[in-house]
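Notes for the one structure printed next.
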Amino acid sequence: MTAHDAVSPFFSLPLELREKIYRDILSSPSQRPDILRTCRELHHEARKFLYQRPLIFRNQVRLFDWLHSTPIRFLAQVTEISLGIQDVDLNTILDAEEPVDNVGSSAYLQTWHLYDAELERMKQCLIKLPNIRTLTVRTSSNQQSFLYRDFTTAVLELLVSSYPGLLDLRLEGDLHHQDLTFLSRLQSLESFAFDGFSSSSPSKTASILAALTNLRNLSLTSQHAILTPVTRCHSLFTEKRPSFTSDVVRTMNQLASFAVTEMVPTSSPTLFFTTEILTSLHNHSTLTSLSVRLSHAPDNEVLEALENFLERSNTRRLELDWPDLDPVVLERFGLLADKLNCLWVRAKSEADAFDILWSVAESLEAGDIRELRKIVLLRSYAICVDVLSKACERKDSGTEALDGLICPVGPVYATCDIKEQESLSLLRGGS
């Protein structure tokens, strides 16, 4: 066999096409980087795309170590990181052999020297990552010292000054003591996620968020554990009111996507999926996507508010995800709105999944929801495939009500997108 014959046909493809393949495979966090082990030449061409996937660092020390061991030529490829903020190690002071006596070198001042040194180290590291556009900042959800709080404030200021062109910012953990004024410097920000609490007042929060003219996507994820006392641990924020309210929503007329995730005890009311918030969204003509993920079903009053919202809004994508979601709810509260293009629904059982499909099929046959192109049933893969199979069997046996859903243009397309759970997508006339 000649050397020419041993070359894989893959390398006969244009470099631009090969790089597109590398990018599609390696930039996805759901894909393993095993392709890099194929051969030396492929490893050489594709390795840079590995750094385009989201990179997660437990704390800044892990980031320091990673930067130290990573070739500089790849760092410009990094665009998304998730960074945990760890408190500074004060053992160097506690383990000091000689006590500090003079006022000018007090232990307190030495402590701040350590924090300042840590900030300077972070600054030098961030300079090496110039192209960050998506950033997740995670802080401790446990009891925090005042020093740690001041440190996280300084870290946020450092991040904002390092990445003024940031497009996506997500805040996780206990940041309730933080003022949101630093957001005003992120005029390119398109997406923001937090838990709805901060030290900023609702009026100030409204002013800050409304001034971000490029902000299109807002996500609220409640952290009930922070707000509720647990055994032998008192939460300072149990009585704290959220800084995100219905009045804040009214000022954000530029929103295209609004997402709410609330995992709370059944006895506790939701904080953000409320009639007040939904009513405040009525006049948002730009809003086209609403995502709701709850730990228990909302009450009828909230569902009625959701129905009124869908009647008035231009929502094209609707995601409803909570346990024991009764398919009857979709019809009773008019949640199958005419303008919907994509619908995500959690089905607790095979029977409920089929009932959801049947309701959609009947609406299609009646001439409603004519814009619907995609349905995603959140359930185990086995159940979804069985539902699809039975739906096809009933169609083949002479039931025509599913024609509008199953095969308006061509054959059925069933895909599985495995994330936290597996899902089945039924595509009607395209994706």
Side-chain angles (χ1 to χ4, degrees), residues 24 28 30 191 216-217 219 255-261 286-294 306-307 309-311 313-322 325-327 329-331 333-395 399-431:
D24 290 345
S28 172
S30 64
S191 301
R216 297 287 183 271
N217 310 300
S219 179
L255 282 182
S257 172
F258 183 63
V260 177
T261 300
T286 59
L287 190 66
T288 59
S289 177
L290 177 66
S291 176
V292 181
R293 291 181 172 86
L294 308 174
L306 177 59
E307 178 181 14
F309 163 74
L310 292 174
E311 287 178 355
S313 74
N314 294 316
T315 302
R316 307 273 293 168
R317 179 187 179 93
L318 178 64
E319 298 184 17
L320 302 176
D321 183 358
W322 60 76
L325 196 158
D326 190 342
V329 166
L330 298 178
E331 294 187 30
F333 294 97
L335 304 187
L336 297 177
D338 289 341
K339 296 179 182 179
L340 286 184
N341 178 271
C342 179
L343 175 66
W344 288 57
V345 184
R346 175 177 292 279
K348 67 179 179 180
S349 66
E350 174 188 330
D352 282 357
F354 189 84
D355 287 344
I356 291 171
L357 291 180
W358 197 256
S359 296
V360 171
E362 288 182 330
S363 296
L364 289 168
E365 189 177 53
D368 301 326
I369 55 175
R370 288 168 294 188
E371 299 297 321
L372 190 65
R373 291 295 179 271
K374 182 177 182 179
I375 302 173
V376 179
L377 299 179
L378 299 177
R379 195 60 182 171
S380 70
Y381 173 69
I383 290 179
C384 287
V385 169
D386 194 31
V387 170
L388 177 61
S389 175
K390 289 187 177 182
C392 291
E393 287 175 4
R394 292 192 62 175
K395 175 188 176 298
T399 303
E400 300 299 332
L402 287 176
D403 282 352
L405 173 67
I406 296 298
C407 53
V409 176
V412 175
Y413 295 91
T415 62
C416 294
D417 183 17
I418 303 175
K419 294 181 180 177
E420 294 182 0
Q421 63 280 315
E422 297 186 59
S423 63
L424 172 70
S425 298
L426 302 179
L427 306 187
R428 172 181 175 261
S431 59

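Side chains included, hydrogens not; waters and symmetry mates left out as well; all remaining heavy atoms used. On a predicted model such as this, the values are computed, not experimentally measured, just so you know.
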Is the closest side-chain heavy-atom distance between [X] and [Y] below 4.5 Å?
| X | Y | value |
| --- | --- | --- |
| Leu306 | Leu290 | yes |
| Val345 | Leu335 | no |
| Val360 | Leu357 | no |

Reported [atom1]-to-[atom2] distance for the pair [X] and [Y], which is rounded to 0.5 angstrom:
| X | Y | atom1 | atom2 | result |
| --- | --- | --- | --- | --- |
| Thr315 | Leu343 | OG1 | CG | 12.0 Å |
| Arg216 | Ser191 | CZ | OG | 10.0 Å |
| Asn314 | Leu287 | CG | CG | 8.5 Å |
| Ile369 | Leu364 | CD1 | CG | 4.0 Å |
| Ile356 | Ile375 | CD1 | CD1 | 9.0 Å |
| Ser291 | Phe258 | OG | CZ | 10.0 Å |

Polar side chain donor-acceptor pair, Asp368 to Ser363, under 3.5 angstrom: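 Distance-only check fails for Asp368 and Ser363.
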Please assess Leu320 against Leu330 for the test side-chain contact (heavy atoms from CB on, under 4.5 Å), listing each intermediate value before the final yes or no. CA-CA 10 Å; Leu320 302 176; Leu330 298 178; 4.1 Å; yes
Report the C-alpha separation of Asp321 and Glu319 in whole Å, then their side-chain angles, then the decisive distance to 0.1 Å, and conclude whether the side-chain contact (heavy atoms from CB on, under 4.5 Å) test is met. CA-CA 6 Å; Asp321 183 358; Glu319 298 184 17; over 6 Å; no
Checking Asn341 side chain against Glu371 main chain: does a donor-acceptor pair fall under 3.5 Å?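 Checking the backbone N and O of Glu371 against the side chain of Asn341, a donor-acceptor pair under 3.5 Å is found.
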Is the side chain of Arg370 donor-acceptor paired with the backbone N or O of Asp338 at a distance under 3.5 Å, no angle test?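 Pair absent, no side-chain N/O of Arg370 close to backbone of Asp338.
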For [X] and [Y], which heavy atoms make the closest approach, and how far apart are they?
| X | Y | result |
| --- | --- | --- |
| Arg346 | Trp322 | CD-O, 3.4 Å |
| Ser359 | Glu331 | OG-OE2, 2.8 Å |
| Lys374 | Val376 | CE-CG2, 3.6 Å |
| Leu318 | Leu310 | CD2-CD1, 4.0 Å |

